[in-house]
Participant: 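Supplied in structure tokens, the structure appears directly below.
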Amino acid sequence: MSMNTWTRRLTVVTAAMAAAAGVMTAPLTTEAATPQQARWCKQGYVWREATPNDYVCVRPSQRTQARNDNAHASERWLPGSYVCRQGYVWREARPNDYVCVTPSVRAQVRYDNAHAAERWA
């Protein structure tokens, strides 16, 4: 089974489990930025680079956070899966971003995604 197929199945199963539990999730908000659009960030901002195509402009400390989270990704998944250990949730910086982070980090990522266009120079 390809990773894409597995990822889609996991997403469907996760959504079904959340619905069954009565959990509401906020929609993923990402301002799609291409390298041309986000060529420059306003002063004080840098590309987050949570994933290879992540051009959302954030404070340098948030890029450091993303790099740290990426480095510890495999430690935060349940063995043999992309399911987050207790206390962690998917970051969702971009579609198919399954790095597990704390809920407060994901909230910051969603805020940054929603305000991406405001931070381009």
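Just so you know, residue 1 is the first one in the sequence shown, and it goes up from there.
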Participant: If you look at every heavy atom in Arg94 and Thr51, which pair is closest and at what distance?
Facilitator: CG-OG1, 3.4 Å
Participant: Is it the case that the side chain of Arg85 and the backbone of Glu75 share a donor-acceptor pair, with hydrogens and angles ignored and the cut-off at 3.5 Å?
Facilitator: yes
Participant: Please enumerate all residues that pass side-chain contact (heavy atoms from CB on, under 4.5 Å) together with Gln65, with sequence neighbours excluded.
Facilitator: Asn68, Asp69, Val105
Participant: Measure across Tyr82 and Trp90 and return the closest heavy-atom pair with its distance rounded to 0.1 Å.
Facilitator: O-NE1, 2.9 Å
Participant: Tell me the closest heavy-atom pair linking Asp112 and Gln62, and the distance in Å.
Facilitator: OD2-NE2, 3.2 Å
Participant: Of all heavy-atom pairs between Thr102 and Tyr88, which one has the smallest distance, and what is that distance?
Facilitator: N-CD2, 3.9 Å
Participant: Quick one: does any side-chain atom of Ser81 pair with a main-chain N or O of Trp77 as donor and acceptor, under 3.5 Å?
Facilitator: no
Participant: Under the side-chain contact (heavy atoms from CB on, under 4.5 Å) test, which residues partner Asn70, sequence neighbours left out?
Facilitator: Arg91, Val99
Participant: Taking all heavy atoms of Ala93 and all of Asp54, pick out the closest pair and write down the distance.
Facilitator: CB-OD2, 4.3 Å
Participant: Which heavy atom of Pro60 sits nearest to which heavy atom of Gly44, and what is that distance?
Facilitator: CD-O, 3.5 Å
Participant: Cut-off 3.5 Å, side chains only: do Asn113 and Tyr111 have a donor facing an acceptor?
Facilitator: no
Participant: State which residue, out of Arg48, Arg119, Lys42, fulfils the side-chain contact (heavy atoms from CB on, under 4.5 Å) condition with Cys57.
Facilitator: Arg119
